[in-house]
Amino acid sequence: MKSEITISELANVMNVSVHQIRYFEEKGVLEPAYTDNNQYRMYGIDQIYQLSHILLLRKLGVSVQSIKDCMTSYSADQYRKLLHHSLREIDAELMRLKELQQFIKKVLQEQQNFNSQSNHYQIKRRDTTYFARWIEMDSHTKPNAKLLAEQAKHVPNLFESDIHYIYDDSSTTTLCLETHEPGDICLLEGNYLSIQSLVNDEEELEQMIEQLYDYAAAQSYTLAGPLILIERSYLSLISKNELHFELQILIESAANSEKGNRT
DNA sequence: CTTCTCACA
DNA sequence: TGTGAGCA
């Protein structure tokens, strides 16, 4: 009764493919204990240890080629460095996943918001927020691929953010992205008249804007800032061929106008 | 069941 | 850095 096992048994024990084991052999990191008369590779307990070491190093991101060097010549100190390096990479990956997690939560949240709030005018409290200027264009052109390519600084995960179009008094539209630090543009805190809606084309958007101004006039709101259009393109993923927009415009709050009336 | 080689991502 | 097909 021999104590060695065949390649498929080893593959089973270690949860890897037969192919992979032969691949490691080809790269010179794992030799069988011996080869049987029938040309079958046979593996013993030493190879099981050896293979688990290889798999561990692979998990740490070490290339098969480097594993060869590791196992022949690495000092304890070199292993320590290797582990530190892997740790930093894991941290980075963790960051990446956390950001993805945050994004998913945000999509679900905004999706909820949209379902409960769409097509209703409401007053929203906004804290002061800062934006980085991204693209500027005159108000009758709309974004196209060329514009983006020519003007845009590269922004990672662009369409995962809320893109703010700010229509100020001049005939320029500024596309902005929110920043944490004070940036190019600042939106004042206050009460914003707001509506969000699904839009099929440019015309529907124009209508939406017109209706907002009509509504504001009907309610006798005093408009106190630029019109802000927020595009949430990540929500458009969910509803085909429609874009999610929110309009916001700062209005003078009741408190302010009362104060104004008294003085 | 194993071996090897080849093409393919 | 592996996988899958095909062959002996």
Side-chain angles (χ1 to χ4, degrees), chain A residues 1-108 111 143-150 152-161 163 177 232-241 243:
Chain A
M1 183 69 190
K2 50 187 173 198
S3 58
E4 286 77 18
I5 56 178
T6 66
I7 196 168
S8 62
E9 287 175 305
L10 180 62
N12 256 315
V13 168
M14 304 301 294
N15 272 309
V16 294
S17 67
V18 169
H19 258 98
Q20 213 175 338
I21 296 172
R22 278 199 289 257
Y23 179 71
F24 290 148
E25 181 179 336
E26 184 186 316
K27 294 296 165 189
V29 291
L30 180 68
E31 292 295 318
Y34 65 93
T35 307
D36 218 346
N37 306 330
N38 53 14
Q39 299 295 312
Y40 287 12
R41 295 163 174 82
M42 300 303 287
Y43 300 89
I45 188 71
D46 291 351
Q47 283 69 47
I48 293 180
Y49 279 97
Q50 178 85 343
L51 181 51
S52 61
H53 289 159
I54 295 168
L55 294 173
L56 176 59
L57 289 171
R58 286 298 295 120
K59 280 200 230 171
L60 297 182
V62 183
S63 71
V64 174
Q65 193 47 242
S66 316
I67 287 176
K68 194 175 179 176
D69 309 336
C70 286
M71 309 228 282
T72 57
S73 65
Y74 259 34
S75 66
D77 193 55
Q78 281 172 301
Y79 273 114
R80 200 182 49 79
K81 285 202 175 96
L82 181 68
L83 291 172
H84 270 111
H85 179 76
S86 301
L87 191 58
R88 281 198 303 277
E89 298 208 319
I90 297 289
D91 286 342
E93 183 69 358
L94 229 40
M95 275 301 169
R96 195 184 68 78
L97 289 173
K98 276 182 185 164
E99 275 168 25
L100 187 57
Q101 184 187 45
Q102 278 309 111
F103 173 65
I104 291 169
K105 283 181 181 171
K106 180 175 139 181
V107 172
L108 286 170
Q111 151 93 306
N144 58 54
K146 197 75 184 172
L147 239 175
L148 259 61
E150 283 169 0
K153 292 169 280 189
H154 180 251
V155 178
N157 304 338
L158 175 58
F159 291 103
E160 295 175 17
S161 25
I163 304 171
L177 297 160
R232 298 203 175 86
S233 50
Y234 51 86
L235 281 186
S236 305
L237 175 73
I238 295 155
S239 53
K240 274 210 156 54
N241 300 327
L243 290 174

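Just so it is clear: chains get the letters A, B, ... in the order the sequence lines come, proteins before strands, and each one is counted from 1.
Counting heavy atoms from C-beta outward, A:Thr6 and A:Asp36 have side chains that stay 4.5 Å or more apart. Within the 4.5 Å cutoff, side-chain heavy atoms of A:Asp77 are placed close to those of A:Lys81. Inter-residue side-chain proximity for A:Tyr234 and A:Ile104 is flagged as unmet; no heavy-atom pair is nearer than 4.5 Å. Side-chain contact between A:Pro32 and A:Gln47 is absent, with no heavy-atom pair separated by less than 4.5 Å.
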Determine, for nucleotides 3-9 of chain B in 5'-to-3' order, which nucleotides have protein heavy atoms under 4.0 Å from the base (write B), from only the sugar-phosphate (write S), or from neither (write -).
-> BS-----

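Atom CD in A:Glu25 sits roughly 16 Å away from atom C1' in C:dG2 (whole-Å rounding). At whole-Å resolution of the value, CD1 in A:Ile21 and P in C:dT3 are 11 Å apart. Rounded to whole Å, the distance from CD on A:Glu26 to C1' on C:dG2 is 11 Å. Between the CG atom of A:Leu30 and the P atom of C:dT1 there is a distance of 15 Å, rounded to whole Å.
Between A:Glu25 and A:Arg22 there is no salt bridge, since no side-chain nitrogen of the basic residue lies less than 4.0 Å from a carboxylate oxygen of the acidic one.
The CG atom of A:Leu237 lies 15.0 Å from the CZ atom of A:Arg232; values are rounded to the nearest 0.5 Å.
Residues forming a side chain to side chain contact (heavy atoms under 4.5 Å, CB included) with A:Ser239 (at least two apart in sequence, or on another chain): A:Leu198, A:Glu242, A:His244. Under the rule for a salt bridge (charged side-chain N to carboxylate O under 4.0 Å, His left out), A:Arg88 has no partner lying at least two apart in sequence or in another chain. Listed by chain and residue number, A:Val29, A:Gln65 satisfy the side chain to side chain contact (heavy atoms under 4.5 Å, CB included) test with A:Lys68 (two or more places apart in sequence, or in another chain).
Counting only Watson-Crick and G-U wobble pairs whose two distances sit under 3.5 Å, DNA chain C takes part in these stems of three or more pairs: B:4-9 with C:1-6.
Near-neighbour residues of DNA chain C inside residues 45-66 of chain A, defined by a heavy atom below 4.0 Å, number-ordered: A:Arg58, A:Ser63, A:Val64.
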Take A:Glu99 and A:Arg96 through the salt bridge (charged side-chain N to carboxylate O under 4.0 Å, His left out) test and state the conclusion after the steps.
-> CA-CA 5 Å; A:Glu99 275 168 25; A:Arg96 195 184 68 78; over 6 Å; no

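Between A:Thr6 and the phosphate of B:dT2, there is a side-chain N or O to OP1/OP2 separation shorter than 4.0 Å. Taking side-chain N and O atoms only, A:Ser17 has no distance below 4.0 Å to OP1 or OP2 of C:dG2.
Checked options A:Leu55, A:Val16, A:Ile67; the residue passing with A:Phe24 is A:Leu55 (criterion: side chain to side chain contact (heavy atoms under 4.5 Å, CB included)).
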